[in-house]
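Lettering follows sequence order; numbering is per chain, from 1. Just so it is clear, the structure is predicted and the values come from calculations on it, not from any experiment.
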Protein chains: 2
Amino acid sequence: MVDIFKRYVLDHAEVSEDEFAILESASHIRKLRKRQYLLQEGDVCRYHCFITKGLLRTYSVDDKGNEHIIRFAMENWWISDRESLVNGTPSKYNIDAIEDAEVLLFAKADMNMLMDKLPVFKKMISDILDKSFITSQNRINEVISSTAEEKYHNFVQRYPQFALRAPQAMIASYLGIKPETLSRLRNKR
Amino acid sequence: MVDIFKRYVLDHAEVSEDEFAILESASHIRKLRKRQYLLQEGDVCRYHCFITKGLLRTYSVDDKGNEHIIRFAMENWWISDRESLVNGTPSKYNIDAIEDAEVLLFAKADMNMLMDKLPVFKKMISDILDKSFITSQNRINEVISSTAEEKYHNFVQRYPQFALRAPQAMIASYLGIKPETLSRLRNKR
DNA sequence: GAAAACAATTGACAAATGTCAAGCGCCTCA
DNA sequence: TGAGGCGCTTGACATTTGTCAATTGTTTTC
């Protein structure tokens, strides 16, 4: 489990064994069962989370009780609600496990300490944020400019893992369409 | 023009007069006329741009020639295509002026130099990126979970300036709907 | 100052997507 | 092991949004 994280860090930053030990010592493992929350709407997000196993989702729930999936995340992805984490405000979102999962938690203060102590780690995290921003800009572009069918095909191509591992109703929710609509367009009208 | 930038920097970071002089010396001014491009699809984005005057937009153009506005930006906002800027790849987007505008340009290398030299400036820029990411996550949430009418009302409330200064057809484009649809829902069906 | 371009609206109709209800197969878990 | 729940599909119909064309008033441009 920690091995996964180790490989990830060594692949993304020039971190020595000793430095990695510092990272490891600041983390703790949490196991999640399918459907278990990692973060619940209204709670304050206190951890940066690195996924070592499983599939998770971030979603909101509207007035009518409909869920809307903001993003999926799996092994080697980070997940948290940055808005809540950075500002210390109650989260608008839920994060839960779609499959049984394992995550490494890094408390906010520990994370700040680690980034101060290890500039290469800080750089790695900043680069991830940069990429995340670019990704979400591109998603905005897609969601306002594509038809339901185009969105679905792009999704399958970009994220084949998610397409295989997430139930169709969740994919529909991610795309902003109804499960029935997705079912129909998959079976060509 | 530079005054606007100075006030902005002093409001957002603990920068001395001398340090500000360094920032200023790395910038150059560009004036844009309405409809003039700051960045054109296919070109590589080479500058971080700070807007001192006017209203700009970032947009994509699809196969059918339809424009889709990714974002608006005005005085005291930064604008660029980070994907192109960071990776040095041709941009998928266009940036142009909706009103006559003035921007301060900071070349990529200069910006990196400034961030190395002035940690408080680097912090300021990182914080902006962090906020931008949060904002785009929230926009994704909204765009997949709201009706056209809700999107419009939220837009007007969140960005009254843009609602007043941008033509309706552009607001529709930002919201991902047709101008006719926006016109109709504004005039209550 | 006239001609052209632009911005917004409206109507009639078409296409896309949502809603509700029913049905089917498969998994799971008590 | 069997009852219920879940995931997906399908049909009939409602609603929303898009398309195209015409109209009007306003701005831009020469």
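- In this structure, CD of B/Glu150 is placed 17 Å from P of D/dT15, rounded to the nearest angstrom.
- Straight-line distance from the NE2 atom of A/His68 to the P atom of C/dG18: 11 Å, rounded to whole Å.
- DNA chain D lies under 4.0 Å from no heavy atom of any residue of residues 151-172 of chain B.
- Considering OG1 of B/Thr58 and CD1 of A/Ile140, their distance stands at 11.0 Å, rounded to 0.5 Å.
- B/Trp78 and B/Phe106 have their aromatic ring centers within a separation under 6.0 angstrom.
- Proximity note for B/Ser183 (side chain, C-beta onward) versus C/dC6, C/dT10, D/dG18: the nearest is C/dT10.
- Note that NZ of A/Lys53 and CG of A/Asn76 are 14.0 Å apart. Values are rounded to the nearest 0.5 Å.
- Taking the six-membered ring for Trp, B/His28 and B/Tyr47 have ring centres closer than 6.0 Å.
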List the protein contact pattern of nucleotides 19-30 of chain D with one symbol per nucleotide (5' to 3'): B for base contact, S for sugar-phosphate-only contact, - for none; contact means a heavy-atom distance under 4.0 Å.
BB-------S--
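- Remark: C1' of D/dT16 and CD of B/Glu149 are 11 Å apart, rounded to the nearest angstrom.
- A cation-pi arrangement, defined by a distance under 6.0 Å to the six-membered ring centre and an angle within 45 degrees of its axis, is present between B/Arg139 and B/Tyr174.
- The distance from atom CG of B/Leu182 to atom P of C/dT10 is 12 Å, rounded to the nearest whole Å.
- Position along DNA chain D of the nearest nucleotide to A/Pro179 versus B/Gly176 favours A/Pro179 as the more 5'-ward residue.
- Atom CD1 of A/Ile177 and atom P of C/dA16 are 14 Å apart (whole Å).
- Remark: A/Asp96 does not engage A/Arg35 in a salt bridge, criterion side-chain N to carboxylate O under 4.0 Å.
- Ring geometry for A/Phe162 against A/Trp77 counts as perpendicular: the plane angle is over 60°, on a 0 to 90° scale with 30° as the lower cut.
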Are B/Ser91 and B/Ser84 close enough, and set up right, to give a side-chain hydrogen bond (donor to acceptor under 3.5 Å, both in side chains), and what steps lead you there?
CA-CA 5 Å; B/Ser91 180; B/Ser84 172; 4.9 Å; no
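- Using a 30° and 60° split on the angle between ring planes, A/Tyr8 and A/Phe50 fall in the tilted class, from 30° to 60°.
- Going from atom CG of B/Asp62 over to atom C1' of D/dG18 covers 14 Å, rounded to whole Å.
- For B/Ile144 and C/dT17, the CD1 to P distance is 16 Å, given to the nearest whole Å.
- For the pair A/Leu185 CG and C/dT17 C1', the interatomic distance rounds to 10 Å; values are reported in whole Å.
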